[in-house]
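The structure under discussion appears below in the form of structure tokens.
Remember, predicted model here, so these are calculated numbers, not experimental data. Per chain, numbering begins at 1; letters A, B, ... match sequence-line order.
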2 protein chains.
Amino acid sequence: MKDKQHKVLVVDDEQSILELLTYNLEKEGYEVKSASDGFEAVEVAKDFKPEVILMDIMMPNQDGVETCRQIKENGDLKNTFVIFLTARSEEYSEVAAFEVGADDYITKPIKPRALMSRINAYFRRDTKDKNNHITAGDLIIDRTSYTVRLNEVELILPKKEFELLYFLVKNPNKVFNRDELLQNIWGSDVYVLARTVDVHIRKIREKIGENYITTVKGVGYKFSLA
Amino acid sequence: MKDKQHKVLVVDDEQSILELLTYNLEKEGYEVKSASDGFEAVEVAKDFKPEVILMDIMMPNQDGVETCRQIKENGDLKNTFVIFLTARSEEYSEVAAFEVGADDYITKPIKPRALMSRINAYFRRDTKDKNNHITAGDLIIDRTSYTVRLNEVELILPKKEFELLYFLVKNPNKVFNRDELLQNIWGSDVYVLARTVDVHIRKIREKIGENYITTVKGVGYKFSLA
DNA sequence: TATCAACTTAACAATTACTTAATGATTAGT
DNA sequence: ACTAATCATTAAGTAATTGTTAAGTTGATA
């Protein structure tokens, strides 16, 4: 099973293909929704907020390229990974597809195993080095937005608290004494009392709970996963 | 749905093809007229002023190339996009076609879906700059008109405010410090005090409300989706 | 050139973060 | 179990950052 349920939206006007893809994706442990045309796809995407959209490029009413453009316009969905499906014979311009922000391109006939490995690869990459964030247990610490998520709840920490937590999480299970922490977070030219650290630790614990930062008496603090 | 009704003229001497094309185009939401020979095509075009003409190149009485030439002669129709239809076996000179101002070329047998995508692509290109907007929550930010819509209410922001908001919305949830914002919006050679940003932020908040731009104390500002 | 809107600056108020210090709780060593 | 050391917690004071307003400045426009 996957650590967390990833969401995939599949869009195609052929029911048989929707079923084929849905079946395979669910077997891999993804949460799947489907849409049978472009309009529906945009609606569902807004709500469902999938990480990946698998979409036929040729569809009645509104084709995949236009649909992709509309989806990418939405701030919430800007980083959604869009993969187009297309028959090899169709001479649809790849250029147009990439212009609207398509991220990958797969030609039919679909080989389920190959497709799955491609999607799995995406999620591996995504969770690994994409955004500037660290995950530790139920915590997600994101440097770009300066936020900490604890079980989907967003916490806002003041700067020093954030930096302190970030530093500890980046060096898990390693104990630092107060002076080391001051050096690394406050800087070498700042003169504050070592006990100041205690107060910050206290406030962090207040927000994320008592189970993450451990006191090592006589030495200092460390971040440790239960 | 389409923003505006686009007009397409289809010209072919085979009734079945006219019907096929008309059916598919109307299903896509276009306004369609048809003509079954070159003379009729010119007449209808003058009146109807279509944005796109889909025309068989081989027709009795007057072929597509000649018809195209006549149409392009007309000032009103100079910018009409002409797409020729031709059987792959026909060795009709592409050169002649492009000489008279044809804009694209599609070989029969016609695959309706591929054709529709091609036509959609044309209209998309045409209206590309008009639809240059981003959506984020209740906000729609339109670069061409320099306007921001908030729940159907149109706001007009001065240039700096607009650019600042646009930049933040384009990079949602990412925190920028004042200098980064100055760099990106004012430019690297401009020398203004960092606190100027605060004033602009204040004015933007006055207009769009307090819930979109978040202050990250000690760091900067970010646009955050609720 | 007079007017107006946009932009910048500066000053001060308000808010928030940070540090300190004092007191209470816990732990380790004897 | 006693004591000394260390840590936790709280509250209050201080510093830093941001919010807000208003008064200049610039630059475009009629």
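- In summary, B/K46 and B/D76 do not engage in a salt bridge, as defined by a charged side-chain N under 4.0 Å from a carboxylate O.
- Nearest-nucleotide mapping onto DNA chain C: of A/P158 and B/K159, the residue sitting toward the 5' end is B/K159.
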Per-nucleotide protein contact string for nucleotides 19-30 of chain C (B base, S sugar-phosphate only, - none; heavy atom under 4.0 Å): BBS----BB---
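- Contact check on A/K7 versus A/E51 returns no salt bridge, with no Lys/Arg side-chain nitrogen under 4.0 Å from an Asp/Glu carboxylate oxygen.
- For the pairing with A/H133, the side-chain contact (heavy atoms from CB on, under 4.5 Å) check across A/L139, A/T147, A/V148, A/D142 returns one residue only, A/D142.
- By the 30° and 60° cut-offs, the orientation of the rings of A/F176 relative to A/F167 is tilted.
- Between A/K170 and A/E163, none of the side-chain N atoms (NZ, or NE/NH1/NH2) sits under 4.0 Å from a carboxylate O, so this pair counts as no salt bridge.
- Direction change of the helix axis from one end of the helix from C/dT1-D/dA30 to C/dT30-D/dA1 to the other is 30°, with five pairs defining each end axis (rounded to 10°).
- The local environment of NZ in A/K207 is crowded, with over 12 non-hydrogen atoms from other residues, nucleotides or ligands closer than 6.0 Å.
- Using cut-offs of 30° and 60° for the angle between ring planes, the B/F223 and B/Y212 rings count as parallel.
- Boundaries of the chain B contact region on DNA chain D are D/dT17 to D/dT21, first to last in 5' to 3' order (nucleotide atom under 4.0 Å from a heavy atom).
- In this structure, A/I156 places its CD1 atom 14 Å from C1' of C/dA17, rounding to the nearest Å.
- In this structure, the CD atom of B/E163 is 14 Å from the P atom of C/dA6, given to the nearest Å.
- Residue-level contact check: B/F162 touches neither bases nor backbone, having no heavy atom under 4.0 Å from any strand.
- Considering A/K159, A/E161, A/K160 in turn, A/E161 is the only one that fulfils the side-chain contact (heavy atoms from CB on, under 4.5 Å) rule with A/L157.
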